[in-house]
**Student:** 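Take this structure, written in structure tokens, and hold onto it; I'll ask about it next.
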Amino acid sequence: MPELPEVETVRDGLARHVLGRVVEHVEVLRDYSVRRQVGGPGAFVGWVTGRRLEAAVRRGKYLWLLLDAGEPDGRGGDVRDSALMAHLGMSGQLLVRAPGSEPVVAPHLRVRLTLDDGGHLDFVDQRTFGHLAVTDLVPTDDGAPGGLGSPVAALPEPARHIARDLLDPALDRPALVAAVRRKRTGIKRALLDQTLVSGIGNIYADEALWRARLHYARPTDTLRRGEVERVLDAATQVMTQALAAGGTSFDALYVNVNGASGYFDRSLAVYGQAGRACSRCGTLVRRDEFMNRSAFTCPMCQPRPRRGRW
DNA sequence: ACCGGTCCCTGTTAGC
DNA sequence: TGCTAACAGGGACCGG
């Protein structure tokens with residue numbers, strides 16, 4: 001499931017393989033995959049065709065390619081800065097097909113861009129929670145660059161509410177710690193709140209909480225400053241390690257930009273490990289229902305608080 | 001303004 | 001064997 005490290009792996013791959021290319025042709029094979037596009041699939045094709053891909057940027061789990069201004073619109077109006085934005089959902093992949101390679105038609109190919117070098121950029125998404133859209137860029141709240149890889153202080157409009165992530169040099173950590181402690185919810189819900197801090201999903205939330213020895217239901221307003229710092233440090237570390245390993249993958253639903261699976265899942269301490277022994281204390285890892293999903297903990301290392309919130 | 005619950009999607013797997 | 005239910009889960013959306 002693509003969380004920050006996986007999306008960053010994709011961003012890095014796009015930055016190395018598609019920048020400078022012009023999109024010559026666009027095929028939308030599944031309208032639902034561009035459901036957030038203002039103007040619909042036709043507008044998507046119109047806005048992308050003929051544009052040059054100029055930078056690959058990421059904030060949290062959102063990823064976007066800056067588009068050049070293209071031809072003047074002929075009506076004397078400004079051609080605004082725009083971006084081709086992608087959210088991979090839980091199974092989305094952006095696959096770069098090299099020029100001259102066999103045109104692979106993946107079973108879940110949703111959108112195909114044909115580039116001027118003869119290669120393709122394919123959006124493949126089995127479960128269709130992901131989507132693509134072309135959007136205007138809007139200024140960031142603080143004027144700092146919009147995300148990793150960004151030359152400009154701007155964000156795609158649909159991602160304007162997304163907070164900075166833990167690998168963003170412009171993140172204000174003390175302000176984040178204070179904001180977490182002001183929340184009235186459980187710590188795992190807070191970690192998953194993309195408007196508070198972005199990029200953390202179910203996997204890294206559970207791994208970070210295990211490393212920090214905190215239970216997911218700990219009320220945020222009972223956490224000491226040091227406890228919040230500990231779990232944020234843990235999340236930063238686990239995501240950095242996953243990134244170094246090329247991202248986490250469970251079942252080949254997720255592959256990186258060139259189709260290679262990540263392998264960090266071999267290092268997961270609790271996520272998906274129900275019934276296995278905790279590597280720190282040997283107690284069996286348990287799975288709880290949480291937000292219609294799951295939360296994995298070591299009951300010894302992460303005792304449930306008397307008054308929990310979730 | 002904030003918080004928590006529900007639903008959107010599809011393919012795989014577990015269980016009867 | 002063949003069916004159904006559970007499950008994976010980010011985020012938009014809505015009601016309190």
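Quick note on labels: first sequence line is chain A, next is B, and so on, each numbered from 1. For clarity, every value in this text was computed on a predicted model and none was experimentally measured.
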**Student:** Rounded to 10°, tell me the angle between the two end axes of the helix from B:dC2-C:dG16 to B:dC16-C:dG2, each built from five pairs.
**Tutor:**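 Comparing the first five pairs with the last five, the axes sit 50° apart.
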**Student:** Holding to side chain to side chain contact (heavy atoms under 4.5 Å, CB included), I want the full list of residues that pass it with A:V197, two or more places apart in sequence or in another chain.
**Tutor:**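 Partners of A:V197 under the side chain to side chain contact (heavy atoms under 4.5 Å, CB included) test: A:L166, A:L176, A:I200.
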**Student:** Using atom CE of A:M90 as one end and atom P of C:dG10 as the other, report the distance to the nearest whole Å.
**Tutor:**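 One finds 8 Å between P of C:dG10 and CE of A:M90, rounded.
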**Student:** What's touching nucleotides 11-13 of chain B from the protein side, N or O pairs under 3.5 Å?
**Tutor:**
residue	atom	partner	partner atom	Å
B:dG11	O4'	A:Q126	OE1	3.2

**Student:** Below the 4.0 Å mark, does B:dC8 have OP1 or OP2 next to a side-chain nitrogen or oxygen of A:Y32?
**Tutor:**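 No.
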**Student:** Can you check whether A:K183 has a side-chain N or O nearer than 4.0 Å to OP1 or OP2 of B:dC2?
**Tutor:**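 A:K183 to B:dC2 OP1/OP2: no side-chain N or O under 4.0 Å.
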**Student:** Where the side chain of A:R30 is defined as all heavy atoms beyond and including C-beta, which of C:dG10, B:dC9, B:dG5 is the nearest nucleotide?
**Tutor:**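 For A:R30, the side-chain atoms sit closest to B:dC9.
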**Student:** Measure the distance from CZ on A:F296 to C1' on C:dC7 and round it to the nearest whole Å.
**Tutor:**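 Rounded to whole Å, this separation is 10 Å.
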**Student:** Which value, rounded to the nearest 0.5 Å, describes the distance between A:H131 atom NE2 and A:L88 atom CG?
**Tutor:**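 If I round to the nearest 0.5 Å, the distance is 10.0 Å.
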**Student:** Mind calculating the distance between CG (A:L4) and P (C:dG10) to the nearest angstrom?
**Tutor:**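 So the CG-P distance, A:L4 to C:dG10, works out to 13 Å.
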**Student:** Between A:L171 and A:R173, is a side-chain contact (heavy atoms from CB on, under 4.5 Å) present by the stated rule, with each step listed?
**Tutor:** CA-CA 6 Å; A:L171 175 71; A:R173 295 270 296 223; 3.6 Å; yes
**Student:** Check the side chains of A:Y216 and A:R304 for a donor-acceptor pair under 3.5 angstrom, ignoring hydrogens and angles.
**Tutor:**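 Judged by distance alone, the side chains do pair up.
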**Student:** Specify the separation, in whole Å, of atom CG of A:N292 and atom P of B:dC3.
**Tutor:**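 So the two atoms are 19 Å apart, to the nearest Å.
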**Student:** Mind listing the N/O atom pairs, protein and nucleotides 12-14 of chain C, below 3.5 Å?
**Tutor:**
residue	atom	partner	partner atom	Å
C:dA12	OP1	A:R36	NH1	3.2
C:dA12	OP1	A:Y62	OH	2.9
C:dA12	OP2	A:H161	NE2	3.2

**Student:** Indicate, with a heavy-atom threshold strictly under 4.0 Å, whether A:R182 touches base, sugar-phosphate, or nothing.
**Tutor:**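 No contact.
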**Student:** Whether A:D233 and A:R211 form a salt bridge (side-chain N of Lys/Arg under 4.0 Å from carboxylate O of Asp/Glu) is what I want to check.
**Tutor:**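 Looking at A:R211 and A:D233, the cut-off is not met.
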**Student:** Taking the side chain of A:R189 as its heavy atoms from C-beta onward, which of C:dG11, B:dG4, B:dC3 lies nearest to it?
**Tutor:**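 Of all the options, the side chain of A:R189 is nearest to B:dG4.
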**Student:** Under 4.0 Å from OP1 or OP2 of C:dA8: is there any side-chain N or O of A:S294 that close?
**Tutor:**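 Checking C:dA8 against A:S294, a side-chain N or O does come within under 4.0 Å of OP1 or OP2.
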**Student:** Given B:dG4, is OP1 or OP2 found less than 4.0 Å from the side-chain N or O atoms of A:T185?
**Tutor:**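 Indeed, a polar side-chain atom of A:T185 lies that close.
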**Student:** When rounded to the nearest 0.5 angstrom, what is the spacing between OG1 in A:T9 and CZ in A:R58?
**Tutor:**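 If I round to the nearest 0.5 Å, the distance is 9.5 Å.
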**Student:** Can you work out whether A:D193 or A:T128 has the more 5'-proximal nearest nucleotide on DNA chain B?
**Tutor:**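 The answer here is A:D193.
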**Student:** From CD of A:E289 over to C1' of C:dA6, roughly how many Å is that when rounded to an integer?
**Tutor:**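 About 10 Å, once rounded to whole Å.
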**Student:** The criterion is side chain to side chain contact (heavy atoms under 4.5 Å, CB included); which residues satisfy it with A:R182, sequence neighbours excluded?
**Tutor:**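 So A:R182 forms a side chain to side chain contact (heavy atoms under 4.5 Å, CB included) with A:A178, A:A179.
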**Student:** Ring of A:W64, cation from A:R11 - is the NZ or CZ under 6.0 Å from the centre and inside 45° of the axis?
**Tutor:**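 No, A:R11 does not lie over the aromatic ring of A:W64.
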**Student:** Can you confirm if the NZ or CZ of A:R30 lies within 45° of the ring axis of A:Y32 and under 6.0 Å from the centre of its six-membered ring?
**Tutor:**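 Judged by the rule (NZ or CZ under 6.0 Å from the ring centre, within 45° of its axis), A:R30 is not positioned above A:Y32.
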**Student:** Using whole Å, report how far CZ of A:R35 lies from C1' of B:dC7.
**Tutor:**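 Result: 12 Å.
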**Student:** Taking atom P of C:dG10 as reference, at what distance in whole Å does atom NZ of A:K61 sit?
**Tutor:**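 Going from A:K61 (NZ) to C:dG10 (P), I get 4 Å.
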**Student:** To the closest 0.5 Å, what do you measure between CZ (A:F290) and CZ (A:R189)?
**Tutor:**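 The CZ atom of A:R189 is 5.5 Å from CZ of A:F290, to the nearest 0.5 Å.
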**Student:** Could you tell me the separation between the CG atom of A:L29 and the C1' atom of B:dC9, rounded to a whole number of Å?
**Tutor:**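 Roughly 17 Å, once rounded to whole Å.
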**Student:** Determine the contact category for A:R287: base if any of its heavy atoms lies under 4.0 Å from a base atom, sugar-phosphate if only primed atoms, P, OP1 or OP2 are that close, otherwise nothing.
**Tutor:**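 Sugar-phosphate contact only.
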**Student:** Is the shortest side-chain N to carboxylate O distance from A:D125 to A:R110 below 4.0 Å?
**Tutor:**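 Salt bridge between A:D125 and A:R110, a charged N being under 4.0 Å from a carboxylate O: no.
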**Student:** Under the salt bridge (Lys or Arg N to Asp or Glu O under 4.0 Å) rule, what pairs show up with a residue in residues 84-93 of chain A, not counting sequence neighbours?
**Tutor:**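 Listed by first then second residue: nothing to list.
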